[in-house]
Amino acid sequence: MTKPMGNTLTAIALAAVAFGTVATADESADLVINGDQEMTIRTAAPAHLSDVMDEINSGWLYRKDETQLLQMDDFDNPGMIFVDLAQDAWNAVDGSEDKSCASCHDNVEETMKGVRAVYPKWNETAGEVRTLAHQINDCRENQMGAEKWKYTGGKMTAMEALISVQSRGMPVDVAIDGPAQSTWEQGKEMYYSRTGQLELSCANCHEENYGNMIRADHLSQGQINGFPVYRLKNSKLNNAHARFKGCVRDTRAETYKPGSADFVALELYVASRGNGLSVEAPSVRN
Amino acid sequence: MEFSRRDTLALGLGAAVVTVLPFSVNAAADDVIATFTGGADMADSGIELTAPEIAENGNTVPVAVSAPGASAIILIATGNPTPGVAQFNFGPLAASQSASTRIRLAGTQDVVAIAQMADGSFAKAIATVKVTIGGCGG
Amino acid sequence: MASGVKPRVKVPKTAAAGEAITIKSLISHKMESGQRKDKEGNLIPRSIINRFTVEFNGQSVLDMAMEPAISTNPYVQFEALVPEAGDFVFTWYDDDGSVYDTTKSIAIG
């Protein structure tokens with residue numbers, strides 16, 4: 001694997017956290033799901049990243065063998081039970097309009113194919129960039145007349161997983177130009193801004209130190225092509241905003257709110273850093 | 001209870017002795033083992049326990065046990081607040097006396113598997129699993 | 001009955017008579033250990049699947065006792081003999097008295 005020579009640490013980051021270089025995972029492994037579906041887990045960095053890295057890598061590469069194995073078979077992947085549960089929810093009528101997701105969108109396997117790969121996405125009617133979770137809640141509120149789901153709740157992450165798995169294996173391809181550009185610029189600004197008492201930016205860990213250890217954790221590039229992700233840590237599906245919140249909190253900063261415009265911008269930018277990697281959701285991480 | 005310097009030293013020695021004993025676990029784990037074996041001796045072969053040397057997260061640690069000819073296998077996490085993990089009782093239609101599952105480990109510790117063989121004898125296997133605390137609570 | 005509990009099992013559709021097959025099972029369950037505390041500091045009561053059984057045409061394959069150290073969404077993999085065509089019955093027993101079961105048929109072929 002090729003890596004940029006960008007491992008120079010600032011004194012502040014060094015003082016705050018110790019990065020080490022213990023290799024623990026098999027970074028040469030390939031991810032094939034169910035023995036036949038090959039995922040693109042390393043590929044050329046998108047053009048907008050060409051100054052900072054040559055290759056982008058899925059977070060799967062940075063996990064230990066046992067964790068990697070869990071994602072290689074849909075039965076072993078605990079995230080898939082939530083896909084099953086969401087399939088029931090997809091067909092269940094809810095709200096004042098007597099509709100289910102299926103009432104408008106029929107068979108999820110056909111209608112949702114490719115959707116996850118292009119989200120977050122500019123919504124012309126709303127005049128803003130929307131995440132998949134926002135779109136799900138928009139449907140619930142305005143089409144079904146149903147209660148919104150909690151942004152990071154179990155019903156939401158399961159539905160995100162069901163929709164995302166229909167795009168599994170397709171390359172992430174979020175648009176960063178046109179009307180989405182200003183949101184993308186905002187997200188990029190956030191990515192490189194140091195926050196919190198530890199004064200760490202996303203880039204300090206996930207651009208300058210991926211592959212290194214932060215205490216006992218093997219740092220990835222922070223790619224979100226696998227979200228929602230089943231984490232061994234909390235034994236449930238987690239969406240990108242829940243993970244961002246954890247990361248920001250770990251810098252000892254006040255976090256943004258999941259679903260907020262700030263996190264939408266960050267999600268668009270971080271997603272764009274993975275343009276070209278396969279949609280892996282639901283992935284398995286530690 | 002107050003500890004004198006001498007008591008503390010003695011405690012330290014005790015701890016040192018405990019760590020060199022080949023098979024000593026905490027009292028609660030000993031109880032689980034005694035209930036299963038009735039205090040019988042255990043052979044060191046005839047059972048295999050597979051667990052990762054280092055677990056990426058203690059919440060979900062894959063383990064596998066296999067003891068050809070066993071009627072039952074118990075799995076014990078000696079360092080957990082309640083050490084019992086599982087007991088597998090194999091029926092006549094078990095194709096092998098083996099199983100794998102995912103377990104919780106409260107920290108770095110020894111995992112013990114004990115098989116009861118068809119003839120009533122016992123065999124044990126031990127695996128030390130290091131549980132890492134990641135940098136990112138997330 | 002606890003909400004969101006869904007069993008999944010993976011059994012081959014056919015086997016040769018007398019063949020050993022691998023079976024995987026998973027059930028969505030939080031497996032509340034009884035060790036955790038809520039935000040007010042009160043102990044969250046234990047609520048787990050405490051037993052899992054597998055039978056084929058009425059004969060036992062596996063009878064497993066589970067303790068709180070089994071991970072959330074319990075997963076068990078094991079091997080079974082298939083002497084003839086028939087049904088595997090998988091049963092999970094919850095602390096709250098609920099029983100969840102599912103059946104998978106296998107043909108000889």
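Chain A is the first sequence line, chain B the second, and so forth, proteins listed ahead of strands; every chain is numbered from 1.
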I need the residue from [options] with the largest number of non-hydrogen atom pairs under 4.5 Å to chain B.
options	answer
Ala20(C), Ser25(C), Gly34(C), Ala80(C)	Ala80(C)
Met31(C), Lys24(C), Glu55(C)	Met31(C)
Val61(C), Leu62(C), Thr22(C)	Val61(C)

Give, as side chain, backbone, both or neither, the part of [X] having an atom under 4.5 angstrom from any heavy atom of chain B.
X	answer
Thr72(C)	both
Pro74(C)	neither
Leu26(C)	side chain
Ser33(C)	both
Gln35(C)	side chain

(request) From the options Val112(B), Leu75(B), Ile76(B), select the one residue that forms a side-chain contact (heavy atoms from CB on, under 4.5 Å) with Pro83(B). (result) Ile76(B)
(message) Using side-chain heavy atoms (C-beta onward) and a distance below 4.5 Å, is Met64(C) in contact with Ile70(C)?
(response) yes
(message) Tell me which of these, Gly84(B), Ala99(B), Pro92(B), has more heavy-atom pairs under 4.5 Å with chain C than the rest.
(response) Pro92(B)
(request) Determine, stepwise, if the pair Asp101(C) / Trp92(C) fulfils side chain to side chain contact (heavy atoms under 4.5 Å, CB included). (result) CA-CA 6 Å; Asp101(C) 58 59; Trp92(C) 291 261; 5.6 Å; no
(message) Checking Asn73(C) against Ser28(C): is there a side-chain donor and acceptor pair closer than 3.5 Å?
(response) no
(message) I'd like to know if Asp44(B) pairs up with Lys124(B) as an ion pair, taking the criterion as any Lys NZ or Arg NE/NH1/NH2 lying under 4.0 Å from an Asp or Glu carboxylate oxygen.
(response) yes
(message) Can you confirm whether or not the ring centre of Phe122(B) sits under 6.0 Å from the ring centre of Phe36(B)?
(response) yes
(request) Check each atom of Asn59(B) against the heavy atoms of chain C and say whether the ones under 4.5 Å are side chain, backbone, both or neither. (result) backbone
(message) Quick check against the 3.5 Å criterion: does Asn89(B) have a side-chain atom that pairs as donor or acceptor with the backbone of Asp63(C)?
(response) yes
